[in-house]
*Asks:* 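Take a look at the following structure, please.
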Amino acid sequence: MRTHTCGELRADHEAQRVALCGWVHARRGHGKLVFVDLRDRYGLTQIVFDAEDAPEELVDRGGRLPLETCVRVEGVVRRRRDANPKIPTGEVEVVADALEVLSETANPPVIPAHEDELPSEEVRMRHRYLDLRRPAMQRMLATRHRITKVARDFFDREGFLEIETPVLCRSTPEGARDFLVPSRKQAGMWYALPQSPQLFKQLLMMSGCDKYLQICRCFRDEEPRFDRQAEFSQIDLEMSFVTREQVLDVMERFVRELWREVVGFEPGPFPRMSYHEAMERFGIDRPDTRYGLELVDVSDLAQKTDFRVFRDALAKERGTVRAIRVPDAADRLTRKVLDGYSKFVQEFGAGGVPWTKIVAGESGPGVEGGVAKFIAPIASALIERMEGEVGDVLLFGADARSVCLKALGELRQKVARDLDLIDESAWNFLWVLDFPMFEYDGEERRFYAMHHPFTSPKSEEIERFLGAETGEIELIESIVSDGYDMVLNGNEIGGGSIRIHRQDVQKKVFELLGISESEAHERFSFLMEALRYGPPPMGGIAFGLDRLVMQVLGIDNIRDVMAFPKTHTGQDLLTGAPGPVDPEQLEELHVRSTA
RNA sequence: GGGGCGGUAGCUCAAUUGGUUAGAGUACCGGACUGUCGAUCCGGUGGUUGCGGGUUCGAGUCCCGUCCGCCUCGCCA
């Protein structure tokens with residue numbers, strides 16, 4: 001139907017006779033002279049209907065083409081009188097001598113040419129096929145393809161095999177809520193959709209596949225966020241006979257190649273940081289190192305004051321006082337802004353944000369405003385500890401350690417955004433290592449796996465780990481795993497670990513997680529059985545594909561990097577999923593709805 | 001489940017203290033126009049103000065309920 005695409009024609013196509021197909025992107029009419037920008041996936045080409053070169057009837061039809069009409073045009077390429085440098089085809093135009101309307105359009109709710117006035121997300125999702133016509137969305141789809149292509153090529157060269165794993169799986173006891181699929185043939189039994197192919201990729205290592213790759217869909221029935229969706233994609237990898245160093249090396253080389261190929265930026269070696277250091281310095285396990293505002297422990301100084309807020313905090317179990325120095329911000333952090341920060345940290349369970357400002361005093365810098373009078377005795381020591389300068393603002397967190405770090409970690413990010421301290425051009429990659437194996441839930445009085453229950457303790461921890469008894473909370477909390485997260489500009493883009501390949505170690509994990517032997521047998525007997533037959537040491541990682549695309553394109557919303565996303569309430573507004581089913585279908589599946 | 005913002009023409013938005021016939025831009029339709037690239041100019045069609053109830057002489061505006069979209073806390077091994 002066409003000889004070229006709409007992104008293809010250049011000056012050296014002059015005088016060629018061509019046929020183009022596409023959509024009417026824009027139309028500029030002058031009566032007997034009409035310009036139409038024709039659009040397809042590849043670009044825009046100006047079509048000109050000129051009464052001096054074509055029958056008036058044709059020009060008239062060209063001038064009446066509604067936007068988004070699907071057409072085929074034939075004509076001859078010629079150089080434009082005035083080139084348009086904004087588009088690659090801007091030096092030429094096609095002088096139409098034939099026009100075929102391939103299909104007419106209703107008045108479209110989304111007009112791809114109107115990029116600066118986007119319809120609501122609701123409209124865009126309901127008419128996704130129109131939204132995807134927008135050049136920005138076409139670029140997104142192409143970038144997404146490019147990323148998976150670079151991944152497949154890179155890991156192919158590295159000897160990885162792409163292997164598919166089941167979508168209909170067993171439900172796992174821990175982790176996110178499962179999506180369930182009723183079995184027709186096994187009455188009362190259920191499949192779960194995979195939260196990740198974790199166990200299958202480990203089994204593939206036990207099968208001797210050695211290096212595995214899959215670009216796979218994962219499902220977690222939890223509340224969505226701007227960067228989370230119930231259904232999402234991972235670049236999933238696993239390797240046999242490797243140490244942590246070897247895994248980190250391959251993955252780092254992959255990401256470096258990805259950025260070189262897709263972004264045009266070559267990252268240097270990735271810095272590394274322990275989980276403990278990340279929490280202490282940044283109050284979060286995925287620090288954004290593009291700016292400072294680090295947390296500083298001032299508990300010892302706080303102890304010397306009579307300030308009630310500090311003393312109460314320090315009296316708590318694992319109570320602590322930390323401070324952030326905001327350089328040269330005394331003017332911008334007004335009373336109103338600081339009050340807002342108190343409200344902000346309350347969302348994370350903190351009481352508020354005590355603050356003070358560093359000012360010039362008679363004998364050197366001092367503090368003024370906020371809680372200044374309560375901390376006067378420690379002012380100079382505090383300023384020294386914080387490396388404070390006149391004009392800086394000090395923000396405090398005082399609470400139990402976990403609450404304090406969480407609140408200040410979130411506040412740190414908010415302050416950086418508010419004061420525009422983030423270098424948007426930076427690509428700060430980072431490995432976070434040495435996570436704890438377990439997190440203790442004080443209310444439920446039990447442990448949860450921080451990563452997942454198949455993560456190995458670090459080799460030097462194994463004896464200590466195997467010796468741990470269920471009640472030894474502090475000991476268990478202190479055991480370090482061989483897990484790792486890849487962080488980019490404060491976002492977790494990948495995470496993995498060296499896996500357990502010893503039956504006794506795996507058994508111990510289940511024991512410490514409070515998974516009874518019978519339950520472990522019931523749910524994981526296949527894994528325990530497999531571990532009997534010479535499993536290799538192994539490790540791997542999974543990258544969040546959607547998050548990679550978000551980072552590469554600088555898009556701050558996961559729905560905008562997916563072709564067909566779901567809403568906050570998990571609905572697909574385009575097709576109307578989830579929807580009702582016939583009672584007969586339920587009957588067949590042995591399911592009765594209580595809704 | 002909690003908190004916040006929003007829903008008015010196909011689309012993006014406006015509408016004073018609750019007050020006349022709910023406006024503008026754009027898209028669409030008609031007309032003028034031969035070098036536009038946000039074409040321009042003139043005219044026109046287009047409304048269950050998300051839905052249901054209430055207060056009021058009078059509701060887009062106030063109250064109650066509900067649905068939908070987004071953000072957020074909890075949640076997400």
Side-chain angles (χ1 to χ4, degrees), chain A residues 24-37 44-53 56 59 63-69 78 80-87 89-90 93 95 105-127 130-131 172-178 195-196 198-199 218-230 232 343-349 406 410 414 435 437-439 441 447-455 481 483 492 495 497 509 513 515 542 544 556-557 559 565-569 571 573:
Chain A
V24 175
H25 186 70
R27 190 191 61 233
R28 297 173 292 280
H30 297 260
K32 300 290 180 284
L33 174 70
V34 172
F35 301 96
V36 164
D37 290 339
L44 290 175
T45 299
Q46 174 164 291
I47 311 295
V48 55
F49 295 90
D50 190 336
E52 290 178 3
D53 301 291
E56 281 198 22
V59 178
R64 287 170 196 281
L65 288 172
L67 299 188
E68 297 309 307
T69 306
R78 80 174 171 205
R80 293 204 204 177
R81 289 187 200 175
D82 300 298
N84 181 354
K86 292 179 195 165
I87 57 174
T89 62
E93 62 193 4
V95 185
T105 179
N107 202 358
V110 182
I111 298 176
H114 295 185
E115 291 271 15
D116 52 344
E117 226 176 42
L118 282 187
S120 66
E121 281 213 60
E122 198 172 342
V123 170
R124 290 174 51 207
M125 285 194 276
R126 188 157 276 132
H127 302 277
L130 292 178
D131 194 43
T172 48
E174 289 207 38
R177 194 174 295 114
D178 282 322
Q195 297 181 23
S196 82
Q198 184 59 39
L199 286 167
C218 303
F219 306 87
R220 296 177 190 174
D221 188 7
E222 297 291 349
E223 297 305 306
R225 284 291 184 272
F226 76 96
D227 63 346
R228 277 182 3 210
Q229 178 112 158
F232 63 103
K343 203 170 176 191
F344 175 75
V345 299
Q346 281 163 9
E347 287 176 37
F348 308 100
K406 168 82 174 165
E410 296 291 338
K414 180 167 177 57
F435 289 85
M437 285 281 288
F438 304 102
E439 260 181 318
D441 183 326
F447 282 102
Y448 286 92
M450 190 144 193
H451 187 47
H452 56 56
F454 317 108
T455 300
S481 85
E492 183 196 327
S497 62
V509 170
L513 288 175
I515 299 175
D556 56 11
N557 167 347
R559 295 176 301 280
K566 291 185 175 58
T567 70
H568 202 258
T569 51
Q571 297 184 77
L573 295 180

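Chain identifiers are assigned alphabetically (A, B, ...) following the order of the sequence lines, protein sequences preceding nucleic acid strands; residue numbering begins at 1 within each chain.
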*Asks:* Salt bridge (Lys or Arg N to Asp or Glu O under 4.0 Å) with Arg27(A): which residues, sequence neighbours excluded?
*Replies:*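 Listed in chain order: nothing, the list is empty.
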*Asks:* In whole angstrom, what separates Arg124(A)'s CZ from U12(B)'s P?
*Replies:*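 Taking CZ of Arg124(A) and P of U12(B), I get 11 Å after rounding.
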*Asks:* Restricting to side chain to side chain donor-acceptor pair (under 3.5 Å), what partner residues turn up for Arg126(A), sequence neighbours left out?
*Replies:*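 Checked Arg126(A) against side chain to side chain donor-acceptor pair (under 3.5 Å); zero matches.
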*Asks:* Listed by chain and number, what are the side chain to side chain donor-acceptor pair (under 3.5 Å) partners of Glu93(A), not counting sequence neighbours?
*Replies:* Gln46(A), Arg78(A)
*Asks:* Would you please name every residue forming a ring-ring contact (aromatic ring centres under 6.0 Å, His included) with Phe219(A), sequence neighbours left out?
*Replies:*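 Testing Phe219(A) for ring-ring contact (aromatic ring centres under 6.0 Å, His included), a comparison that skips the adjacent residues, returns none.
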*Asks:* Going by purine N1 to pyrimidine N3 plus the second Watson-Crick contact, or the G-U wobble pair, all under 3.5 Å, which nucleotide sits opposite G30(B)?
*Replies:*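 G30(B) is paired, partner C42(B).
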*Asks:* Would you mind pulling out the nucleotide paired to U17(B), Watson-Crick or G-U wobble, both distances under 3.5 Å?
*Replies:* none
*Asks:* What pairs with Asp221(A) under salt bridge (Lys or Arg N to Asp or Glu O under 4.0 Å), at least two apart in sequence or on another chain?
*Replies:* none
*Asks:* Between atom CZ in Phe232(A) and atom C1' in C75(B), what is the gap in whole Å?
*Replies:* 14 Å
*Asks:* Report yes if a side-chain nitrogen or oxygen of Arg64(A) is closer than 4.0 Å to either non-bridging phosphate oxygen (OP1 or OP2) of G31(B); otherwise report no.
*Replies:* yes
*Asks:* Both distances under 3.5 Å, Watson-Crick or G-U wobble: report the partner of G6(B), or none.
*Replies:*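 WC or wobble partner is C68(B).
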*Asks:* Going by side chain to side chain contact (heavy atoms under 4.5 Å, CB included), Thr567(A) matches just one of Met125(A), Glu121(A), Glu122(A). Which one?
*Replies:* Met125(A)
*Asks:* Taking N or O atoms only and anything under 3.5 Å, show me the protein contacts with nucleotides 3-5 of chain B, one pair per line.
*Replies:*
none

*Asks:* Could you write nucleotides 65-71 of chain B as a row of B, S and -, 5' to 3', where a protein heavy atom under 4.0 Å of any base atom gives B, of only sugar-phosphate atoms gives S, and otherwise -?
*Replies:* ---SSSS
*Asks:* Glu117(A) CD to G25(B) P: how many Å, rounded?
*Replies:*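 Spelled out: CD on Glu117(A) to P on G25(B) is 13 Å.
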*Asks:* Is there a side-chain contact between His114(A) and Pro119(A), using heavy atoms and a 4.5 Å cut-off?
*Replies:*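 They are not in side-chain contact.
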*Asks:* I'd like a table of atom pairs between the protein and nucleotides 7-10 of chain B - only N or O on both sides, under 3.5 Å - with the distance next to each one.
*Replies:*
none

*Asks:* Looking at C76(B), does its base get a donor-acceptor pair with the side chain of Arg228(A) below 3.5 Å?
*Replies:*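 Such a pair is found, so the answer is yes.
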*Asks:* Which residues satisfy the side chain to side chain donor-acceptor pair (under 3.5 Å) test with His30(A), sequence neighbours excluded?
*Replies:* none
*Asks:* Could you run down the sub-3.5 Å N/O contacts of the protein with nucleotides 32-42 of chain B?
*Replies:*
residue	atom	partner	partner atom	Å
C33(B)	N3	Gly31(A)	N	3.0
C33(B)	N4	Gly31(A)	N	3.1
U34(B)	OP2	His30(A)	O	3.1
U34(B)	N3	Asp50(A)	OD1	3.0
U34(B)	O4	Glu52(A)	N	3.2
G35(B)	N7	Arg81(A)	NH1	3.2
G35(B)	N7	Arg81(A)	NH2	3.2
G35(B)	O6	Arg78(A)	NH2	2.6
G35(B)	N1	Glu93(A)	OE2	2.9
G35(B)	N2	Glu93(A)	OE1	2.6
G35(B)	N2	Glu93(A)	OE2	3.2
U36(B)	O4'	His30(A)	NE2	3.3
U36(B)	O2'	Arg28(A)	NE	3.4
U36(B)	O2	Arg28(A)	NE	2.6
U36(B)	O2	Arg28(A)	NH2	3.2
U36(B)	O2	Gln46(A)	OE1	3.4
U36(B)	N3	Gln46(A)	OE1	2.9
U36(B)	N3	Gln46(A)	NE2	3.1
U36(B)	O4	Gln46(A)	NE2	3.1
C37(B)	O4'	Arg28(A)	NE	3.0
C37(B)	O2	Arg80(A)	NH1	3.0
C37(B)	O2	Asn84(A)	ND2	2.8
C37(B)	N3	Arg80(A)	NH1	3.1
C37(B)	N4	Asp82(A)	O	3.0
G38(B)	OP2	Lys86(A)	NZ	2.8
A39(B)	N7	Gly29(A)	O	2.7
A39(B)	N6	Gly29(A)	O	2.3
A39(B)	N1	His30(A)	ND1	3.3

*Asks:* Should we say atom CG of Asp441(A) is surrounded by more than 12 heavy atoms from elsewhere, each under 6.0 Å from it?
*Replies:*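 Yes, because the 6.0 Å sphere around CG of Asp441(A) holds more than 12 heavy atoms from other groups.
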*Asks:* Is G74(B) paired to anything, Watson-Crick or G-U wobble with both distances less than 3.5 Å, and if yes, which nucleotide?
*Replies:*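 Paired with G74(B), as far as the under-3.5 Å criterion goes, is no nucleotide at all.
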*Asks:* Base, sugar-phosphate, or nothing: which does Leu118(A) touch, judged by heavy atoms less than 4.0 Å apart?
*Replies:*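 Since only primed, P, OP1 and OP2 atoms lie under 4.0 Å of Leu118(A), the category is sugar-phosphate.
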*Asks:* Looking at residues at least two apart in the chain, or sitting in another chain, which of them share a salt bridge (Lys or Arg N to Asp or Glu O under 4.0 Å) with Arg64(A)?
*Replies:*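 With sequence neighbours excluded, Arg64(A) shows a salt bridge (Lys or Arg N to Asp or Glu O under 4.0 Å) to Asp60(A), given in chain and number order.
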*Asks:* How long is the line joining CG of Leu67(A) and P of G25(B), in whole Å?
*Replies:* 18 Å
*Asks:* Need one value for Phe348(A): base, sugar-phosphate or nothing, where a base atom within 4.0 Å counts as base even if backbone is also close, heavy atoms only.
*Replies:*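 Answer is sugar-phosphate: Phe348(A) comes under 4.0 Å of backbone atoms only.
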*Asks:* Not counting sequence neighbours, which residues clear salt bridge (Lys or Arg N to Asp or Glu O under 4.0 Å) with Glu68(A)? List them please.
*Replies:* Arg39(A), Arg133(A)
